[in-house]
Every structure is written in C-alpha cells, then in structure tokens.
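Proteins get letters first, then strands, A, B, ... in listed order; numbering begins at 1 in each.
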Protein chains: 2
Amino acid sequence: MKLSTRGRYGLKAMFDLALNFGEGPISLTSIAERQAISVNYLEQLISPLRKANLVESVRGAQGGYMLAKSPENITVGVILTTLEGPLAPTDCVVVDGDDEVCDHSSYCVTKVIYEKIYESITSVVNSITLQHMIDDYHSNQESMIITSICECK
Amino acid sequence: MKLSTRGRYGLKAMFDLALNFGEGPISLTSIAERQAISVNYLEQLISPLRKANLVESVRGAQGGYMLAKSPENITVGVILTTLEGPLAPTDCVVVDGDDEVCDHSSYCVTKVIYEKIYESITSVVNSITLQHMIDDYHSNQESMIITSICECK
DNA sequence: TTAATCCCTAGTCAATTACTAAGAAATCAG
DNA sequence: CTGATTTCTTAGTAATTGACTAGGGATTAA
C-alpha cells in the first residue's frame, strides 16, 4: 500500500513548479537539484504529466516546464493518479465497464471494503490542490529547514 | 498503492473463519479449497495472524484454526495491518519515535498529505469488523453466486 | 500406528521499481 | 551560423519484492 517514488517525486516536482508559477519555464535541472532527484529519472516522470496537460514545456536553451493551469486548479489527486494509476487497493474496484476482474461480481463482501478505502483516498487527494500546499508552506515556512520538502521515502 | 495477496487472501480466510465461528477448529485445507488459495501459501499467512492473537490453532488430526475473539471484536484494520504492515502511503508517516525517516521533519508539505491519506484509510478499515462483513454477507446472500468471495486480484 | 493436521524454513521464478545511459530534436544566445 | 542548453525518447540493468512451491518436522485424534 505504498506510494512509489514516481508519485512522491512527481508531487515534489509539481509543488516546485507551483512555487515558481508565473515565472516562465523552469528547467528540470534546477528542479532536480532543489528536490534532490536524478534529472534523467525526473524526465520520465514529467512526461506523463505533460501528456495529461498538467504541465507545459518550452524546448531548447532557457526552456523548461511550467504548470499548465494555476495551482488552485491542480489537485494532488490528479498528479498522483497520473503517475501511479488509480489510488485503489485492488484492481477490482476500478474495472471500467466490460472487463470484469471478478467472476461473481454481483456482490462481494471484500470488494465493498476495498471500494470504501478507494473512496476515502480519492476524497482526500482530490480535495487538496497545489495552492493548498503553497498556503500551507508559506504559513509554516519559518519552521522549515530548507526550501525542499521531505523525501518521504 | 495496491494491497498484496497477503492482505486480500488473509482477509478472505478470516472472513471464512468468521462464518464458521463457534463451530470448532476449521482446517486450512477446507479454507484453501473454499477460497481457492494454495494451502502452503495460506499457512504462511495464518502464522502472523496467530502470533497477533487473532486466531487460535488446534494441532493434530481434526485440528484447525478458529477466531481467537468474536467477529465483532476483530477489525479489518487489524487483519490487514498484521499482514501488510501499516496501511500508509509512505514510511515517513509511521516512524515510531526516534528514528526519523525525514531529515527536515519539522514541517513537510507532502508529509501532511500522506498523513491525511493514512488517517482516512485507517479510519475506514478500523471501523469495519468481521461481524459487519457477516451481516453484509447475509443480507445480500441471494445475489451471490457462490459461498466464496471475489478474488479482487 | 497412521493419517491428518499444524508449523517452519528455504528456495525459486517473474514482475516491478528505480533508476542509468545515451542519443535525437529543438531553440536561444552570441 | 554555431554551440550550449534543454526537452524528449528509448533501451538497458541491478536490486528488490511478490507470490508462491517444496519439503520436512511436530502433534494429535481415530
């Protein structure tokens, strides 16, 4: 039930972009340095975020990335699901339409539980935006050691 | 963010034991058959459940397992955490006391989010007992195909 | 005594994770 | 125009984890 580095690093990167929102393209190199992530790896994470229209890219020298929307319009939920897939405890709760993972899917006592877990997770992450994180960051900034955020390994 | 087979199979097995609560020891072989799980594998899952005092065992022929408490006193949460460890999206939210996973742990914008996720998950699973599952099962039994429950792979 | 059962440990195979590496394409500055 | 900078893409790889299989010892009812 752990988040992988994809989601964690991706969220860190998006938060970094949010802090620099409106200041033109930010290079991956600078994000990678601030957040202590490998550039090559970060490139692989930013790619799906771009394809999901969460960030825009500017190629070439002095290029970089910027949020495609304002921070209050990007939720933690959409970031994490873009990078990790559905935040569900089982596959059976996210079957889309035809293909049933369950044989006897009419009713399942455990599936009900997994659905409740799924709903509670999505409810939390969908209610938090990057703007919330920025506000949180600014109101607690004095108690932070550095600009960066926790590894949360 | 997926549950492994350990948690899913373990919950199935515990539900099976709950359905047979008060009827003496139930053999792993019979549980394994009903729930379509390998006996050898199930043995490895029941072991931690026994050490956590959730089930009691009777050795020898006609032996088996039974719940150590009544179904309303065993939550889904304790079963899943026994088999999967803490249902947390990151390790940093479950550090116990001294050993800090975070360097700059004074405040962390992402940790706050992971803590909220953790809390919402534990809140759900700790509120559901095996008795709830039994009640749910009985009130929907007619719409179930077989006695067993969904694979939820 | 035998069959059934719990109990424990070791090994194995496949998939996933977390990267590293490298090179092509685009673009800005000089 | 050229070169440095940056995005973009794909391939490879090492370590870990997951999901078992296998086998043998201990215990006990019949």
Side-chain angles (χ1 to χ4, degrees), chain A residues 1-13 17 20 24-33 35-68 80 83-85 89-91 151-153, chain B residues 1-13 16-17 20 24-68 80 83-85 89-91 151-153:
Chain A
M1 282 291 282
K2 292 280 182 293
L3 238 32
S4 72
T5 54
R6 286 179 64 85
R8 301 202 315 271
Y9 291 1
L11 183 57
K12 284 172 74 164
L17 284 178
N20 294 293
I26 310 292
S27 76
L28 275 197
T29 314
S30 69
I31 300 177
E33 253 174 43
Q35 307 298 336
I37 304 173
S38 136
V39 186
N40 280 327
Y41 191 39
L42 197 50
E43 280 176 343
Q44 294 174 22
L45 307 185
I46 203 96
S47 172
L49 294 170
R50 185 174 51 83
K51 284 166 186 161
N53 293 316
L54 299 178
V55 300
E56 281 170 1
S57 64
V58 177
R59 301 186 67 166
Q62 268 60 49
Y65 293 90
M66 42 204 176
L67 295 187
L80 292 181
L83 291 165
E84 301 262 350
T90 58
D91 286 334
E151 285 262 10
C152 283
K153 290 239 164 161
Chain B
M1 283 290 283
K2 292 280 181 293
L3 238 31
S4 71
T5 53
R6 288 178 63 87
R8 302 202 314 273
Y9 291 0
L11 183 56
K12 285 172 73 165
D16 194 294
L17 285 178
N20 294 293
I26 309 293
S27 76
L28 274 198
T29 314
S30 70
I31 300 178
E33 252 174 44
R34 275 190 299 272
Q35 307 299 338
I37 304 172
S38 138
V39 186
N40 280 328
Y41 192 39
L42 197 50
E43 280 178 343
Q44 294 173 23
L45 307 186
I46 204 96
S47 172
L49 294 170
R50 187 174 50 83
K51 285 165 185 162
N53 293 316
L54 299 178
V55 299
E56 282 170 358
S57 64
V58 177
R59 301 186 69 168
Q62 266 59 49
Y65 294 90
M66 41 204 178
L67 296 187
L80 292 181
L83 291 165
E84 301 260 350
T90 58
D91 287 333
E151 285 261 10
C152 281
K153 291 237 162 160

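Dashed line: the shortest gap from a side-chain N or O of A/Arg8 to OP1 or OP2 of C/dT17 is not under 4.0 Å. A/Ser4 has no side-chain polar atom (N or O) that falls below the 4.0 Å cut-off from OP1 or OP2 of C/dT16. At C/dA4, none of the side-chain N or O atoms of B/Ser27 fall inside 4.0 Å of OP1 or OP2 (strictly under the cut-off). Dashed line: the shortest gap from a side-chain N or O of A/Arg6 to OP1 or OP2 of C/dA18 is not under 4.0 Å. For C/dC19, one of the phosphate oxygens OP1 or OP2 lies less than 4.0 angstrom from a side-chain nitrogen or oxygen of A/Tyr9.
Put simply, CD1 on A/Ile46 and OG on A/Ser57 are 9.0 Å apart, with the number rounded to the nearest 0.5 Å. Rounded to the nearest 0.5 angstrom, B/Leu3 CG and B/Glu84 CD are separated by 4.5 Å. Distance CG/B/Leu83 to CG/B/Leu49: 4.5 Å, rounded to 0.5 Å. Between A/Leu11 atom CG and A/Gln35 atom CD the span is 10.0 Å, to the nearest 0.5 Å.
Side-chain proximity of B/Ser57 to C/dC6, D/dT7, C/dA3: nearest is C/dC6. The side chain of B/Thr5 approaches D/dC20 more closely than any other nucleotide in the set D/dT9, D/dC20, C/dA18. Closest to the side chain of A/Tyr41, from the set D/dT28, D/dC8, C/dA18, is C/dA18. Side-chain proximity of A/Ala61 to D/dA4, C/dC6, C/dC19: nearest is D/dA4. Of the candidates D/dA11, D/dA26, D/dA22, the closest approach to any side-chain atom of A/Gln44 belongs to D/dA11.
No side-chain heavy atom of B/Ile26 sits under 4.5 Å from any side-chain heavy atom of B/Met66. Proximity of B/Pro25 to B/Gln62: side-chain heavy atoms (C-beta onward) are nowhere separated by under 4.5 Å.
Regarding B/Glu56, its CD atom lies at a distance of 14 Å from the C1' atom of C/dC6, rounded to whole Å. Atom CG in A/Asn40 sits roughly 14 Å away from atom P in D/dT6 (whole-Å rounding). Taking atom NZ of residue B/Lys2 and atom C1' of nucleotide C/dT16, one finds them 13 Å apart after rounding to whole Å. Rounding to whole angstrom units, NZ of residue A/Lys51 and P of D/dT7 are separated by 15 Å. When the P atom of C/dA15 is taken as reference, atom CG of A/Asp91 falls 15 Å away, rounded to whole Å. Taking atom CE of A/Met1 as the reference point, atom C1' of D/dG18 lies 16 Å away to the nearest angstrom. The interatomic distance linking B/Ile31 (CD1) with C/dC6 (P) rounds to 8 Å, in whole Å. B/Glu43 places its CD atom 15 Å from the C1' atom of D/dA19, with the value rounded to the nearest Å.
At a cut-off of 3.5 angstrom, the base of D/dT7 holds at least one donor-acceptor pair with the side chain of A/Arg59. Scanning atom types as modelled, no donor and acceptor separated by under 3.5 angstrom connect the side chain of B/Gln62 and the base of D/dT27.
Closest-nucleotide positions on DNA chain D for B/Ser38 and B/Gly60 were compared, and the one nearer the 5' end corresponds to B/Ser38. Nearer the 5' end of DNA chain C, as judged by each residue's closest nucleotide, is the contact made by B/Gly63, out of B/Gly63 and B/Ser47. Comparing A/Val39 and B/Val39 along DNA chain C, the residue whose closest nucleotide (by nearest heavy atom) sits nearer the 5' end is B/Val39.
Among the protein residues, A/Ile46 comes within range of no part of the nucleic acid, since none of its heavy atoms lies under 4.0 Å from any strand.
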